[in-house]
Amino acid sequence: MAALLASVDGTIGPPAQAVIGVEDEGLLRGDGVFEVIRLYDGRPFAIDEHMARMTNSAQRLRLPFDAALVEAEAHALIATGADGAGLIRLLVTRGGRRIALLETMPELPETLALATITYAPTRVLDGIKSLSYGANMLCTRLAREQGADDALMVSPHGRVLEFPTKSFFYVLADGPLCTPPLDDHILDSITRRHVLAATDARERSLTTDELGRVREAFAASTLREVHPVRSIDGRDMPEVPGPVTQAAAEAVRARVDGLLPA
Ligand SMILES: Cc1ncc(COP(=O)(O)O)c(C=O)c1O
């Protein structure tokens, strides 16, 4: 990612000159919360949902959090210069720093080759989008070492979960579009909610034993909306993107356009 402009506690400037204290436990322990919000021509998508999730994350983490101030600083940063930015990242640290970064969109492959990586979700962090993302980043690195684009995280008990930074949707044989339930200890992704609202997708757990019968799959995320999967552990999907994935991508695209602020 490339940051274009930064705000720390409301002071806006170049990212290289943005400063926080080295004793901040946000840095020392990954103790804090964050959100990444997509900008479409400078317009943030679903900012209310992101602020609500961030407020909830902070409450559960026992982190002091002023939602109105964080949101006002986000809007001020966007108003100062969202040209060329695709995302705004918001962080609040244990040290009390409010950070906002305007970032360009990262380069993403057209389709995703996945490698399954075993990962045990940290129960106490359920429902919290915390800054402790070292394990998620490692999962992607381990998958890339195997030649894949990203990791499909699976539990030690053989449940398919999600990606390190995206939700997972799948179609089994000629079944319906499905996604693992939140009870499987995955993030309550905002894009996942919009896919569920825009399609007839349903929640259903998936086991690793069933992965060989997955006919279509996609990732859902703020960054890329619907992102087709082309292979899982070296097994190619028969059609990429498949018809269900294409229909979901179009439905989500239309929903996002319809919900964007004027
Ligand atoms: C673990 C995880 N799952 C799913 C997602 C997708 O969530 P959203 O749609 O809110 O971007 C993210 C986003 O960062 C994530 O970190």
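Order of appearance sets the numbers: ligands from 1, and atoms from 1 within every ligand. What's counted below: heavy atoms across the whole structure, side chains too, no hydrogens, waters or symmetry copies.
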I'd like to know if the side chain of Arg62 and the backbone of Arg60 have a donor-acceptor N/O pair within less than 3.5 Å.
yes

Would you please name every residue forming a ring-ring contact (aromatic ring centres under 6.0 Å, His included) with His185, sequence neighbours left out?
none

Please step through salt bridge (Lys or Arg N to Asp or Glu O under 4.0 Å) for the pair Lys129 and Glu35, ending with a clear verdict.
CA-CA 7 Å; Lys129 195 164 162 68; Glu35 287 290 326; 5.6 Å; no

Listed by chain and number, what are the ring-ring contact (aromatic ring centres under 6.0 Å, His included) partners of Phe34, not counting sequence neighbours?
Tyr133

Contact list for residues 155-184, test salt bridge (charged side-chain N to carboxylate O under 4.0 Å, His left out), sequence neighbours left out
Asp150-Lys166, Arg159-Asp184

Would you say that Arg97 contacts Leu91 through its side chain, given a criterion of any heavy-atom pair below 4.5 Å between the two side chains?
no

Can you pull the residues with any heavy atom under 4.0 Å from ligand 1?
Arg53, Lys129, Tyr133, Asn136, Glu162, Phe163, Pro164, Thr165, Lys166, Ser167, Leu187, Ser189, Ile190, Thr191, Ser221, Thr222

